[in-house]
Amino acid sequence: MWAGLAREGRRGWDSGMISPLAARRIWPFVRAWAQRGAVLVVVLGFAACAGPARKSAPAALVQVENHSGYAWQVDFFNRETAAKDAVASAQLGPRERRRLALAPGVYRVRSRVAGAGETERVWVPPGADAEVELQGGRTYVWPLGTLLSVETPGS
């Protein structure tokens with residue numbers, strides 16, 4: 001068929017058809033570029049799936065304020081995990097304040113008098129842990145005190 005077309009002279013390079021010899025020579029180049037294009041499409045596809053780095057949610061700020069004359073220990077436990085370790089802890093001396101940055105979520109908070117000899121004088125009921133939900137970007141105040149605590153103005 002190709003020989004007949006080439007002999008007629010009506011078709012060939014002038015009419016847009018390509019000879020079998022030229023097709024055999026160009027095929028490796030076409031195949032190589034097609035493979036490179038396929039690899040490029042796959043790489044760009046994975047890059048698009050990864051997307052830009054996501055910003056983490058803003059932290060919730062907790063201002064722990066000790067209004068008593070006792071030392072306190074405050075522990076924040078993540079309620080959604082069964083971890084026994086506190087996510088954040090603060091030990092505050094008398095009239096001390098401390099700011100903690102926590103990830104948004106639900107926490108179990110345990111507050112107890114921590115000074116030596118003071119635990120016998122100040123009774124905290126067992127199982128008095130509190131549950132709080134902290135939202136990102138907000139500031140919370142966690143006051144500590146006893147019935148005999150006296151706040152001085154401006155402290």
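Looking only at distances, a side-chain donor or acceptor of Tyr140 sits under 3.5 Å from a matching main-chain atom of Gln135. Checking side-chain atoms of Arg95 against main-chain N and O of His67 turns up a donor-acceptor pair under 3.5 Å.
Taking CD of Glu65 as the reference point, atom CZ of Arg97 lies at 4.5 Å (rounded to 0.5 Å). Distance check: Leu61 CG to Thr139 OG1 gives 4.5 Å after rounding to the nearest 0.5 Å. To the nearest 0.5 Å, atoms CD (Gln73) and OG (Ser89) are separated by 5.5 Å. Separating the CH2 atom in Trp72 from the CH2 atom in Trp142 is a distance of 11.0 Å, to the nearest 0.5 Å. For the atom pair CG of Asp129 and CZ of Arg112, the computed distance is 9.5 Å after rounding to the nearest 0.5 Å. Between atom CZ of residue Phe76 and atom CZ of residue Arg108 there is a gap of 12.0 Å, rounded to the nearest 0.5 Å.
Scanning all heavy atoms of the two residues, the minimum distance from Asn78 to Val106 falls at OD1-O, 3.6 Å. Gly69 approaches Pro94 most closely through the heavy-atom pair O-CG, 3.4 Å. The minimum heavy-atom distance linking Ala71 with Asn66 is given by the pair CA-ND2, 4.4 Å. Of all non-hydrogen atoms in Ala103 and Tyr107, the two that sit nearest each other are O-OH, 2.6 Å. Here the closest non-hydrogen pair linking Pro104 and Pro58 is CG-O, 3.4 Å.
A side-chain contact (heavy atoms from CB on, under 4.5 Å) with Val109 is found for one member of Leu134, Asp75, Val62, Val74 and no other, namely Val74.
By the rule that hydrophobic residues join a cluster once side-chain heavy atoms approach within less than 4.5 Å of another member, Val87 and Leu100 end up as members of one cluster.
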